[in-house]
Amino acid sequence: MKGVKSFYILMAFLLLFLFSFPDIVHAVDIPYEVRIGLEYKYKNTDRINIYNKEILAGYDTKSGYIPEAIIKSDSGFYMVPSYSYYVSYNQSFDSYEEALYFSQELKSDTFSAFPANFYLAKWYVYVGEFNSYQEAEAAANQLSGKTGRVFIVKEPKSSRIALKNHTGTLVVFEGEEGYPQFYGVDHSPYQGLINLGERQYRGKMEFGRYDGKGITAVNVLPFEEYLYGVVPAEMPASWDIEALKAQAIVARNYAINCMGKHSASGYDLCDGEHCQVYKGYTTETERSNRAVDVTEGELLYYNNELVSTFYFSSSGGYTENSEDVWVTALPYLRAVEDYYELNTYTWTKSFSREEIEVLLKNNGKDIGKILDIQIGSYSTGGRVMELTIIGSNGSVTLTKESIRSFFKKDGASLDSRKFQLVKGGTTNHSYFSVIGGNSKINSNISLNQIYALGADGNITNLSGNLASIVAEGKNGQEHLSLVHSTSAEGDFVFVGRGRGHGVGMSQWGAKGMAEAGFNYRQILAHYFNGAEIR
């Protein structure tokens with residue numbers, strides 16, 4: 001009875017402990033390794049060059065990485081998908097060295113022979129390449145008659161890849177049980193890296209035909225080292241270290257939230273904007289690596305849940321509520337004023353009526369001749385929420401981010417939804433907008449027409465390169481954001497500021513805050529309402 005009582009006391013203590021420290025229950029595990037599909041240049045391609053002169057091939061298992069072979073080539077290597085027939089000696093070997101030795105015995109003026117690998121300690125010797133089954137069968141019969149050994153035909157497989165150099169095939173990898181992963185082991189400026197020419201990469205490189213077509217490169221490396229290649233690719237490494245630390249944390253959160261996004265393709269994340277831009281070792285700097293190191297393991301939470309840390313380039317003076325860009329209203333993604341974004345990005349883009357008619361038809365809409373475009377409403381952050389295109393035979397209404405994506409020119413969409421629409425003519429002036437409270441007032445007024453009465457009694461014309469001013473009104477101070485547009489002509493000219501969706505952290509705003517003396521915790525607290533770093 002005493003033992004039962006002690007058990008219940010122990011259980012009560014454990015429950016009290018867990019509920020007293022809820023972050024222990026909800027802590028997110030950061031993966032040790034991550035698989036990055038190099039879609040930028042090496043997805044479903046017919047050839048990937050490897051500029052190392054010595055590489056280590058092995059396989060990743062539950063017990064860790066197991067090496068299989070060191071392969072050398074003074075001229076480097078290249079990996080290709082294999083579509084050929086081969087002839088195989090019908091006996092396996094335990095090692096690359098054994099298979100290589102036997103392949104050298106088989107080589108002749110007529111046939112090329114080389115090792116072929118199925119998986120761990122499963123090596124064969126192939127002869128080839130052949131373009132047809134009949135050609136391979138004839139070679140198998142010839143080899144059997146010449147050597148007295150049994151040779152069989154190996155038909156093409158959708159998983160098969162071949163490692164080659166300028167002399168021909170070095171190794172064939174079947175890939176049915178798993179694809180090999182390679183380390184760069186040669187003594188060179190890129191020792192320990194895989195060198196693909198334009199970019200170099202830490203960790204291991206896996207090459208595979210994950211959809212049975214071309215060959216794709218997948219960089220497998222420690223998660224924190226992956227961030228080494230993300231932070232300077234997403235934010236200039238020359239910026240203040242506190243801004244870089246903030247970028248490191250939002251990138252860490254973002255990556256964990258996106259893990260498995262490309263699982264159907266054979267990897268966790270890609271190296272493009274679809275996930276986060278990743279450029280490998282090539283763009284690393286001591287400064288950006290330090291930002292990752294000093295924040296190692298730190299994540300942003302809200303009520304014990306991992307925050308969706310969206311970020312973008314420039315807010316244009318005000319960030320945005322999540323529901324005003326997408327659907328879900330998240331309590332930590334609220335529109336906030338971006339006081340410290342001092343170098344707001346400005347832009348213009350013009351469209352003729354005919355160009356808009358073509359865009360509509362490309363989207364399956366035909367409303368006749370374009371008569372007008374009207375802005376229906378703005379968000380808290382000053383972004384266009386609803387826009388209607390009026391034609392002679394009807395109208396089309398666009399909302400939220402579909403506005404940006406619809407107005408595409410030369411392959412590029414609108415930089416943001418924070419814009420003023422100028423109709424019928426040329427824009428070569430600046431306009432101003434007042435941002436305050438829950439409303440935004442826009443006016444197409446040239447700065448040459450505006451004068452300010454200062455506290456010293458002097459009257460000053462506002463023309464020039466001012467980015468913003470502060471005005472005193474009956475409701476207190478208001479921030480006036482000034483946009484200096486470049487000249488543009490067209491039936492409809494979009495004159496805007498900011499770049500990106502506007503939700504979460506403004507990178508230019510983070511830069512301004514860091515330069516004003518705020519640390520990375522304060523920066524993230526500004527952009528992610530109520531979130532905390534752990």
Side-chain angles (χ1 to χ4, degrees), residues 33-57 71 73 75-83 158-166 170-171 173 175 179-184 186 188-223 225-237 251 254-255 258-285 288 410-412:
E33 274 191 335
V34 63
R35 295 170 58 84
I36 310 299
L38 304 184
E39 295 187 354
Y40 155 73
K41 192 174 181 179
Y42 309 111
K43 181 178 181 179
N44 286 335
T45 185
D46 290 329
R47 171 172 171 157
I48 299 176
N49 293 322
I50 306 169
Y51 291 86
N52 300 77
K53 295 183 179 180
E54 189 173 344
I55 54 178
L56 171 65
I71 308 168
S73 170
S75 61
F77 310 86
Y78 61 95
M79 191 74 77
V80 297
S82 175
Y83 306 101
S158 60
S159 61
R160 184 181 293 154
I161 59 176
L163 180 67
K164 299 186 176 188
N165 70 0
H166 70 287
L170 299 175
V171 183
F173 296 96
Y179 286 108
Q181 296 177 354
F182 297 87
Y183 278 107
D186 49 333
S188 71
Y190 303 116
Q191 184 175 1
L193 304 172
I194 284 289
N195 183 5
L196 300 187
E198 184 178 339
R199 294 177 183 174
Q200 294 79 44
Y201 296 90
R202 291 175 179 264
K204 300 164 286 188
M205 193 65 67
E206 181 177 302
F207 303 94
R209 296 173 66 186
Y210 304 100
D211 60 1
K213 298 177 183 177
I215 194 164
T216 298
V218 177
N219 191 196
V220 184
L221 76 166
F223 184 86
E225 292 185 10
Y226 158 68
L227 294 179
Y228 287 166
V230 170
V231 172
E234 290 283 3
M235 176 179 282
Y254 197 86
C258 289
M259 284 290 287
K261 207 170 184 179
H262 292 271
S263 57
S265 299
Y267 39 90
D268 301 311
L269 305 166
C270 72
D271 62 344
E273 290 183 4
H274 181 257
C275 294
Q276 293 183 102
V277 177
Y278 167 68
K279 296 183 179 180
Y281 177 82
T282 311
T283 56
E284 288 185 24
T285 70
S288 55
D410 299 325

Distance check, rounded to the nearest 0.5 Å: [X] atom [atom1] versus [Y] atom [atom2]?
X	Y	atom1	atom2	answer
L221	I36	CG	CD1	6.5 Å
N195	N49	CG	CG	10.5 Å
Y78	R47	OH	CZ	5.0 Å
Y51	Q200	OH	CD	10.5 Å
K213	D46	NZ	CG	12.5 Å
S265	E39	OG	CD	6.5 Å

Between the main-chain N or O of [Y] and the side-chain N or O of [X], is there a donor-acceptor pair closer than 3.5 Å?
X	Y	result
T45	Y42	no
R160	R209	no
D186	K53	yes
K261	H274	yes
D211	G266	no
Q276	E273	no

Legend entry - NZ (K204) with more than 12 external heavy atoms under 6.0 Å: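 Yes, NZ of K204 has more than 12 neighbouring heavy atoms, counting only those of other groups under 6.0 Å.
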With a 4.5 Å heavy-atom cut-off, do [X] and [Y] have their side chains touching?
X	Y	value
M205	I55	no
M79	F77	no
R199	D271	yes
T216	N44	yes

Inset, instruction - Give a yes or no on whether the ring-centroid distance for Y179 and Y210 is below 6.0 angstrom. - result: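 Distance test on ring centres: under 6.0 Å, yes.
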Inset, instruction - Could you go through the side chain to side chain contact (heavy atoms under 4.5 Å, CB included) check for I50 and L196 one step at a time? - result: CA-CA 5 Å; I50 306 169; L196 300 187; 4.2 Å; yes
Which heavy atom in [X] sits nearest to a heavy atom in [Y], and how many Å separate them?
X	Y	value
F173	P180	CD2-CG, 3.6 Å
M259	V34	SD-CG2, 3.8 Å
I194	G203	CG1-O, 4.5 Å
P232	L227	CD-O, 4.4 Å
G229	T283	O-OG1, 4.0 Å

Inset, instruction - Could you check L269, D268, V220 and say which one makes a side-chain contact (heavy atoms from CB on, under 4.5 Å) with Y226? - result: L269
Inset, instruction - Quickly, which of L38, T282, L193 forms a side-chain contact (heavy atoms from CB on, under 4.5 Å) with Y201? Name it, please. - result: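 Testing each of L38, T282, L193 against Y201, the sole residue satisfying side-chain contact (heavy atoms from CB on, under 4.5 Å) is L38.
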Legend entry - Under 3.5 Å side-chain donor-acceptor pair for E234 and Y254: no
